[in-house]
Student: 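I am attaching a structure below and will ask some questions about it afterwards.
These numbers were taken from a predicted model, which means no experiment stands behind them. In what follows, residues are counted from 1 in the order of the sequence shown.
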Amino acid sequence: MLTALSIENLTSEIWYKKLLNKLRGDAVRVDIRSARGVALRHITYLSRNGTVNWTRLSKIIGAQRNHLLCGEDVLLPEDMGFRRFDNKAFKIQLASNLGVFVLSKLKNKVDGLSVGIYDLRGDCTRLLSELARYTDNLTVVTDNLDDYNSAANAVNEEIGAVVQVTDNRARLMDCALLIAPEQINELLPLSGNVIVLTSAAPTVCTPGLIYYDYHFRVPNMFDQIKPDDLSAQYFAGALYTKARQYELGSIVPTACSNYASSQTYRSICEHLMNN
């Protein structure tokens with residue numbers, strides 16, 4: 001069973017409401033929802049004095065406290081064992097799906113389009129066979145040369161595609177589209193026009209158009225049990241990782257965004273064709 005926590009602030013500056021809130025005290029509401037074999041326990045804490053009784057919540061939430069579904073604005077007391085569920089595996093899947101989908105729509109519209117994979121650990125070698133079907137100019141920058149060279153040899157034998165595998169970051173400079181499964185933690189020599197699809201905001205200043213949030217509609221049945229304060233991306237990630245709803249891994253986002261701007265897959269295609 002998944003467990004989600006929402007905090008509702010019911011404080012008021014009106015004197016009689018403040019008095020009423022003090023008399024009534026905080027409250028906890030527990031709602032059980034289910035869809036397609038997945039059960040969700042949604043706990044809503046009604047705070048009438050602006051604080052949260054985490055000891056009370058800890059007893060209600062139990063063992064689920066160390067992978068709790070909640071919004072990013074909820075400040076969990078980690079010293080009590082509370083941890084927010086955060087699994088990047090699903091975001092990596094979304095970034096990869098969007099990148100492959102964009103290339104499939106471009107097909108041969110952009111000759112020689114340079115595509116890159118930045119995957120230092122070598123977690124996404126499966127991407128090679130998917131991307132190599134749509135571009136003959138594919139470069140991988142990784143520190144795990146053995147695994148990627150093996151994958152590149154397999155792709156060459158399977159479809160005859162040649163993939164450049166290197167640990168030289170400078171090879172990314174010519175990329176028009178870059179898929180970076182892991183968070184970027186080093187300064188990369190990128191073009192200012194490159195589209196970067198990644199799983200988290202870079203920790204360093206990174207050139208290019210960087211996107212790390214992905215937007216889509218949760219399938220209807222699951223949408224009915226999703227708490228309103230959780231994003232579709234976050235909730236679907238929990239379903240994918242914790243509830244083993246692996247079919248969600250085939251979702252292709254309709255749009256991606258960062259802190260300031262967004263793109264649809266169509267606008268990404270247009271950008272790549274015009275730059």
Student: Please report the closest heavy-atom contact between Leu76 and Cys70, naming both atoms and the distance.
Tutor: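 The answer is CD1-SG, 3.9 Å.
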Student: Nearest 0.5 Å, please: how far is CG in Leu197 from CD1 in Ile92?
Tutor: 12.5 Å
Student: Do you know the tightest heavy-atom contact between Pro189 and Ala170?
Tutor: CG-CA, 3.6 Å
Student: Listing request: all side-chain hydrogen bond (donor to acceptor under 3.5 Å, both in side chains) pairs with a residue in residues 171-183, at least two apart in sequence or in separate chains.
Tutor: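 side-chain hydrogen bond (donor to acceptor under 3.5 Å, both in side chains) check on residues 171-183 returns no pairs.
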Student: Search all heavy atoms of Leu178 against all heavy atoms of Ile117 and return the closest pair with its distance.
Tutor: CD1-N, 3.8 Å
Student: Enumerate the residue pairs fulfilling side-chain hydrogen bond (donor to acceptor under 3.5 Å, both in side chains) with a member in residues 186-195, sequence neighbours excluded, ordered by first and then second residue.
Tutor: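 Listed once each, the pairs are Tyr118-Glu186, Arg169-Glu186.
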Student: Could you pull out all residues at least two apart from Arg56 that satisfy side-chain hydrogen bond (donor to acceptor under 3.5 Å, both in side chains)?
Tutor: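 With neighbours one apart ignored, the set is empty.
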Student: Who passes side-chain hydrogen bond (donor to acceptor under 3.5 Å, both in side chains) against Ser261, sequence neighbours left out?
Tutor: Asn258
Student: If we only count heavy atoms from C-beta on, is the Thr206 to Val196 side-chain gap below 4.5 Å?
Tutor: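 Contact flag for Thr206/Val196 side chains = no.
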Student: Listed by chain and number, what are the side chain to side chain contact (heavy atoms under 4.5 Å, CB included) partners of Thr241, not counting sequence neighbours?
Tutor: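 Side chain to side chain contact (heavy atoms under 4.5 Å, CB included) check on Thr241 returns Phe85, Asn87.
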Student: Just checking, is any N or O donor in the side chain of Asn97 or Gln93 under 3.5 Å from an acceptor N or O on the other one?
Tutor: yes
Student: Is a side-chain donor or acceptor of Gln233 paired with a backbone partner of Ser231 at a separation under 3.5 angstrom?
Tutor: no
Student: Testing Thr142, Asp119, Thr125 one by one against Tyr148 for a side-chain hydrogen bond (donor to acceptor under 3.5 Å, both in side chains), which residue passes?
Tutor: Asp119
Student: Could you tell me whether Arg244 atom CZ has more than 12 heavy atoms of other residues or ligands within 6.0 Å of it?
Tutor: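 Incorrect, the count does not exceed 12.
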Student: So if you build clusters from Ile, Leu, Val, Met, Phe, Trp, Tyr with side-chain heavy-atom gaps below 4.5 Å, do Val155 and Val100 land together?
Tutor: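 Yes, Val155 connects to Val100 through the hydrophobic network.
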Student: Rounded at 0.5 Å granularity, tell me how far CG in Leu239 sits from CG in Leu248.
Tutor: 6.0 Å
Student: What residues form a ring-ring contact (aromatic ring centres under 6.0 Å, His included) with Phe90, not counting sequence neighbours?
Tutor: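 Once residues adjacent in sequence are excluded, the partners of Phe90 under the ring-ring contact (aromatic ring centres under 6.0 Å, His included) criterion are Tyr240.
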Student: Can you tell me how far CG of Asp26 sits from OG of Ser47, rounded to the nearest 0.5 angstrom?
Tutor: 4.5 Å
Student: Go through the steps to decide whether Val162 and Asp136 satisfy the test side-chain contact (heavy atoms from CB on, under 4.5 Å), and finish with yes or no.
Tutor: CA-CA 7 Å; Val162 177; Asp136 58 1; over 6 Å; no
Student: Within the 4.5 Å heavy-atom criterion, are Ile43 and Val28 side-chain neighbours or not?
Tutor: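 Of all side-chain heavy-atom pairs linking Val28 with Ile43, at least one is under 4.5 Å.
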Student: Does any part of the side chain of Leu120, heavy atoms only, come nearer than 4.5 Å to the side chain of Asn185, both counted from C-beta?
Tutor: no
Student: Within a strict 4.5 Å, meaning less than it, do heavy atoms of the Lys105 and Arg266 side chains meet?
Tutor: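 They are not in side-chain contact.
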Student: Who pairs with Tyr265 by ring-ring contact (aromatic ring centres under 6.0 Å, His included), at least two apart in sequence or on another chain?
Tutor: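 For Tyr265 the ring-ring contact (aromatic ring centres under 6.0 Å, His included) partners, ignoring immediate neighbours, are Phe101.
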Student: Regarding Thr51 and Asn49, is there a side-chain donor-to-acceptor distance under 3.5 Å anywhere?
Tutor: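 A donor-acceptor contact under 3.5 Å links the two side chains.
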Student: Are Phe222 and Leu40 linked, directly or through intermediate hydrophobic residues, by side-chain heavy-atom contacts shorter than 4.5 Å (ILVMFWY only)?
Tutor: yes
Student: Say whether, by atom type as modelled, one donor and one acceptor occur between the side chain of Gln64 and the main chain of Met1 under 3.5 angstrom.
Tutor: yes
Student: Sequence neighbours excluded, which residues qualify as side-chain hydrogen bond (donor to acceptor under 3.5 Å, both in side chains) partners of Tyr234?
Tutor: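 Tyr234: no side-chain hydrogen bond (donor to acceptor under 3.5 Å, both in side chains) contacts found.
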Student: For residues Leu230 and Gly71, report the shortest heavy-atom separation together with the two atoms involved.
Tutor: CD2-N, 3.7 Å
Student: Can you list the residues that meet the side-chain hydrogen bond (donor to acceptor under 3.5 Å, both in side chains) rule with Asn53, with sequence neighbours excluded?
Tutor: none
Student: With a 4.5 Å heavy-atom cut-off, do Glu270 and Gln263 have their side chains touching?
Tutor: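 SC-SC contact between Glu270 and Gln263 ruled out.
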Student: Can you tell me how far the CG atom of Leu138 sits from the CZ atom of Arg133, to the nearest 0.5 Å?
Tutor: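 Rounded to the nearest 0.5 Å, the CG-CZ separation comes out at 12.5 Å.
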Student: The criterion is side chain to side chain contact (heavy atoms under 4.5 Å, CB included); which residues satisfy it with Arg29, sequence neighbours excluded?
Tutor: Glu8, Thr44, Leu46
Student: Taking all atoms of both residues into account, what is the closest heavy-atom pair of Asn168 and Val141, and its distance?
Tutor: O-CG2, 3.7 Å
Student: Please answer: with hydrophobic residues joined when any side-chain heavy atoms are less than 4.5 Å apart, are Leu128 and Leu113 in the same cluster?
Tutor: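 Both belong to a single hydrophobic cluster.
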Student: CD1 of Ile61 to CH2 of Trp54: how many Å apart, nearest 0.5 Å?
Tutor: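 CH2 of Trp54 is found 6.5 Å from CD1 of Ile61.
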Student: Side chains of Asp123 and Pro181, heavy atoms from C-beta outward: is any pair under 4.5 Å?
Tutor: no
Student: Checking Ser257 against Asp213: is there a side-chain donor and acceptor pair closer than 3.5 Å?
Tutor: no
Student: Evaluate the criterion side-chain contact (heavy atoms from CB on, under 4.5 Å) for residue pair Asn156 and Val163; output intermediate values, then yes/no.
Tutor: CA-CA 8 Å; Asn156 181 260; Val163 179; over 6 Å; no
Student: Please determine whether residues Ile251 and Met221 belong to a single hydrophobic cluster, defined as Ile, Leu, Val, Met, Phe, Trp and Tyr linked transitively by side-chain heavy-atom distances below 4.5 Å.
Tutor: no
Student: So which heavy atom on Leu106 is nearest to which on Cys269, and how close?
Tutor: CD2-O, 3.8 Å
Student: State, yes or no, whether a side-chain contact exists between Cys256 and Ile268 at a heavy-atom distance under 4.5 Å.
Tutor: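 A side-chain contact under 4.5 Å exists here.
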Student: Between Arg121 and Asn144, is there a donor-acceptor pair closer than 3.5 Å when you use the side chain of the first and the backbone of the second?
Tutor: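 The answer is no, because no donor-acceptor pair under 3.5 Å joins these two groups.
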Student: What distance do Lys242 atom NZ and His67 atom NE2 have between them, rounded to the nearest 0.5 Å?
Tutor: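 Nearest 0.5 Å value for the NZ-NE2 distance: 3.5 Å.
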Student: Quick test of your reading: applying ring-ring contact (aromatic ring centres under 6.0 Å, His included), list the pairs with at least one residue in residues 176-219, sequence neighbours left out, ordered by first then second residue.
Tutor: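 Of all non-adjacent pairs touching residues 176-219, none passes ring-ring contact (aromatic ring centres under 6.0 Å, His included).
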Student: Any side-chain hydrogen bond (donor to acceptor under 3.5 Å, both in side chains) involving residues 30-40? Give me the pairs, sequence neighbours left out, ordered by first then second residue.
Tutor: Asp31-Arg33, Arg33-His42, Arg36-Glu247
Student: Check the pair Val115, Thr139 against side-chain contact (heavy atoms from CB on, under 4.5 Å), reporting the backbone distance first and the verdict last.
Tutor: CA-CA 6 Å; Val115 179; Thr139 300; over 6 Å; no
Student: Report yes or no: do Tyr45 and Leu69 belong to one cluster of Ile/Leu/Val/Met/Phe/Trp/Tyr joined by side chain heavy-atom distances under 4.5 Å?
Tutor: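 Each belongs to a different hydrophobic cluster.
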